[in-house]
Number of protein chains: 2
Amino acid sequence: MGVTKTNHFTDQQNKIASIAKALGHPARIAIIEYLLKVNACICSDIVDELPLAQSTISQHLKELKNAGLIKGSIEGTSICYCIEETTFAMLKQYFADIIVSVNNQKCC
Amino acid sequence: MGVTKTNHFTDQQNKIASIAKALGHPARIAIIEYLLKVNACICSDIVDELPLAQSTISQHLKELKNAGLIKGSIEGTSICYCIEETTFAMLKQYFADIIVSVNNQKCC
DNA sequence: TTTATACATCGCAATATTACGATATATTTT
DNA sequence: AAAATATATCGTAATATTGCGATGTATAAA
């Protein structure tokens, strides 16, 4: 089928999954890491940095933006893409909570 | 094309992406959360818990296992699936480092 | 006003994912 | 040994993702 049964899961589960999915591609990880490396962030830089066509990168940026992982503000003729800190903070917390839960486990 | 250009990215980037990808489905998030909730973990429980066929869940478990997010040990006729703590600890650290990087940013 | 620059979007082809039923396998229980 | 239980694998259909070139759009420079 190929169609995810989104409605059978909680909003929280769908949210985490969609964020994780957005991070589930090496190009998008590379984009995030590049945005962290340089302090200013313009899309054309990324096009030079990655071995992908401009249209492909634009698509990846869109997915990262839809997932709330980056935000873009128009800066003249180019766009300043930046990390959306709160989403990453949320992820960090999510995994921190998992670690706490695991440490309380008796199993295995 | 639909074929990810894995070889153009670093091993670390591909690794993080593949782990994130494995978490990029609500059923797999639900499985992880279920494994955390109950302390013992048998697949048939999960089949009762989730609105998916047994074969589908088995597939999801396989992907989580391949990504190193869970481990399964044979327990008689069933299998005890558990959280692989080190992988989650790695993820937590990865996001923690990102937060630190973002806080050092001057941009935006 | 033309031209250049920086993205975004569209349309398409190749491939991957999701889900399921059917079936296989392996361990218990009877 | 036969039946039951638990899980894995296979085959397949529906849909999603990835990537690219071509093209659209909007701002800035000439």
Side-chain angles (χ1 to χ4, degrees), chain A residues 1-9 13-14 17-31 34-35 38 40-67 70-82, chain B residues 1-9 13-14 17-31 34-35 38 40-67 70-82:
Chain A
M1 305 213 167
V3 75
T4 298
K5 291 182 155 184
T6 297
N7 56 315
H8 291 122
F9 304 100
Q13 285 167 342
N14 283 314
S18 77
I19 295 170
K21 191 174 186 177
L23 290 173
H25 193 288
R28 295 194 288 266
I29 293 292
I31 289 171
Y34 184 67
L35 288 184
V38 298
C41 22
I42 299 157
C43 181
S44 68
D45 284 0
I46 300 173
V47 171
D48 295 339
E49 186 76 5
L50 299 184
L52 293 170
Q54 179 266 322
S55 59
T56 306
I57 290 172
S58 189
Q59 249 182 193
H60 283 310
L61 286 167
K62 191 181 177 184
E63 280 176 75
L64 288 169
K65 202 169 156 190
N66 286 343
I70 62 173
K71 59 192 164 190
S73 49
I74 296 168
E75 187 91 13
T77 177
S78 60
I79 291 191
C80 177
Y81 277 115
C82 298
Chain B
M1 304 212 166
V3 74
T4 297
K5 291 181 154 185
T6 296
N7 56 315
H8 290 123
F9 304 100
Q13 284 168 342
N14 283 312
S18 77
I19 294 171
K21 191 175 188 177
L23 289 173
H25 192 289
R28 294 194 288 266
I29 293 291
I31 288 171
Y34 184 68
L35 289 183
V38 299
C41 22
I42 298 159
C43 181
S44 68
D45 284 0
I46 300 173
V47 172
D48 295 339
E49 186 77 4
L50 298 185
L52 294 170
Q54 179 266 323
S55 60
T56 306
I57 291 172
S58 188
Q59 251 182 190
H60 283 310
L61 286 167
K62 190 181 177 184
E63 279 176 75
L64 287 170
K65 202 169 154 191
N66 286 343
I70 61 174
K71 59 193 163 189
S73 49
I74 297 169
E75 187 90 13
T77 177
S78 59
I79 291 190
C80 178
Y81 276 114
C82 297

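Values below: every heavy atom of this structure, side chains too, minus hydrogens, waters and symmetry copies. So you know, we letter chains A, B, ... as the sequences are listed, proteins then strands, and number each from 1.
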Asker: Looking at CG of L52(B) and NE2 of H60(B), how far apart are the two atoms once the value is rounded to the nearest 0.5 Å?
Answerer: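 If we round to the nearest 0.5 Å, L52(B):CG and H60(B):NE2 are 5.5 Å apart.
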
Asker: Hey, could you give me the NE2/CD distance between H8(A) and Q13(A), rounded to the nearest 0.5 Å?
Answerer: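 Taking NE2 in H8(A) and CD in Q13(A), the distance rounds to 12.5 Å.
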
Asker: For the pair made of NE2 in H8(B) and P in dT18(D), what is the distance, rounded to whole Å?
Answerer: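 In whole Å, dT18(D) P lies 16 Å from H8(B) NE2.
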
Asker: In whole angstrom, give the distance that lies between atom CD1 of I70(A) and atom C1' of dA8(C).
Answerer: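 From I70(A) CD1 to dA8(C) C1': 13 Å.
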
Asker: Check the phosphate of dA6(C) against Y81(A), side-chain N and O only, distance under 4.0 Å to OP1 or OP2. Yes or no?
Answerer: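 So the side chain of Y81(A) is outside the cut-off, no N or O lying under 4.0 Å from OP1 or OP2 of dA6(C).
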
Asker: Please compare A27(A) and I79(B) by the position of their nearest nucleotide in DNA chain D and report the one closer to 5'.
Answerer: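 Closer to the 5' end of DNA chain D: I79(B).
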
Asker: Check the angle between the aromatic planes of H25(A) and F9(B) and answer parallel, tilted or perpendicular using the 30° and 60° thresholds.
Answerer: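 Perpendicular: the ring planes of H25(A) and F9(B) meet at over 60°.
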
Asker: Just how far, in rounded Å, is P of dT17(C) from NE2 of H25(B)?
Answerer: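 The answer, rounded to whole Å, is 12 Å.
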
Asker: In Å and rounded to the nearest 0.5 Å, what is the NZ to NZ distance from K65(A) to K71(A)?
Answerer: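 Spacing of NZ (K65(A)) from NZ (K71(A)) equals 12.0 Å.
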
Asker: By the 4.0 Å heavy-atom rule, please label L52(A) as base, sugar-phosphate, or nothing.
Answerer: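 If one applies the 4.0 Å heavy-atom cut-off, L52(A) turns out to touch the sugar-phosphate alone, with no base involved.
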
Asker: Could you state the CG-C1' distance from L61(A) to dC7(C), rounded to the nearest angstrom?
Answerer: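 Value for this atom pair: 10 Å.
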
Asker: Can you check whether H60(B) has a side-chain N or O nearer than 4.0 Å to OP1 or OP2 of dA19(C)?
Answerer: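 Checking dA19(C) against H60(B), a side-chain N or O does come within under 4.0 Å of OP1 or OP2.
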
Asker: Taking CD1 from I74(B) and C1' from dT5(D), how many angstroms apart are they, rounded to a whole number?
Answerer: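 The distance from CD1 of I74(B) to C1' of dT5(D) comes to 15 Å, rounded to the nearest Å.
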
Asker: Base, sugar-phosphate, or nothing: which does T56(B) touch, judged by heavy atoms less than 4.0 Å apart?
Answerer: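 Base: the residue T56(B), judged by heavy atoms under 4.0 Å, touches a nucleobase.
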
Asker: So, is K62(A) close to the dT9(C) phosphate, meaning a side-chain N or O under 4.0 Å from OP1 or OP2?
Answerer: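 Looking at the OP1 and OP2 atoms of dT9(C), one of them is under 4.0 Å from a side-chain N or O of K62(A).
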
Asker: Using a cut-off of 4.0 Å on non-hydrogen atoms, how would the nucleic acid contact of E75(A) be classed: base, sugar-phosphate, or nothing?
Answerer: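 The residue E75(A) makes no contact with any strand.
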
Asker: For S55(A) and for T77(A), locate the closest nucleotide of DNA chain C by heavy-atom distance; then report the residue assigned to the nucleotide nearer the 5' terminus.
Answerer: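 Nearest nucleotide further toward 5': that of T77(A).
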
Asker: As an exercise, state the distance from CD of Q59(B) to CZ of R28(B), rounded to the nearest 0.5 Å.
Answerer: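 Answer rounded to 0.5 Å: 9.5 Å.
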
Asker: Please state whether the phosphate of dA8(D), meaning OP1 or OP2, lies under 4.0 angstrom from any side-chain nitrogen or oxygen of S58(B).
Answerer: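 Looking at the OP1 and OP2 atoms of dA8(D), one of them is under 4.0 Å from a side-chain N or O of S58(B).
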
Asker: Ignoring hydrogens and angles, are the base of dA19(C) and the side chain of Q59(B) linked by a donor-acceptor pair under 3.5 Å?
Answerer: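 Flag set: donor-acceptor pair detected.
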
Asker: When the distance from CD1 of I46(B) to P of dT7(D) is rounded to whole Å, what number comes out?
Answerer: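 These atoms are roughly 8 Å apart.
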
Asker: Take R28(A) and Q54(B), find for each the nucleotide of DNA chain D with the closest heavy atom, and name the residue whose nucleotide sits nearer the 5' end.
Answerer: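 Comparing both residues, the 5'-ward one is Q54(B).
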
Asker: Compare the minimum distances between each of dA16(D), dA6(C), dC20(C) and the side chain of S78(A), then state the nucleotide with the smallest one.
Answerer: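 Ranking dA16(D), dA6(C), dC20(C) by closest atom to the S78(A) side chain puts dA6(C) first.
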
Asker: Among the candidates dA16(D), dG21(D), dT18(C), find the nucleotide nearest to the side-chain atoms of T4(A).
Answerer: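 Within the option list, the nearest is dT18(C).
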
Asker: Reckon K21(B) touches a base, only the sugar-phosphate, or nothing at all at heavy-atom distances under 4.0 Å?
Answerer: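 Answer is sugar-phosphate: K21(B) comes under 4.0 Å of backbone atoms only.
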
Asker: Nearest 0.5 Å, please: how far is CD1 in I31(B) from CG in D45(B)?
Answerer: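 Going from the CG atom of D45(B) to the CD1 atom of I31(B) covers 12.0 Å.
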
Asker: For F9(A) and dT18(C), give me the distance from atom CZ to atom P, rounded to whole Å.
Answerer: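 About 11 Å, once rounded to whole Å.
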
Asker: How many whole angstroms separate atom CG of L64(A) from atom P of dC7(C)?
Answerer: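 So the two atoms are 15 Å apart, to the nearest Å.
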
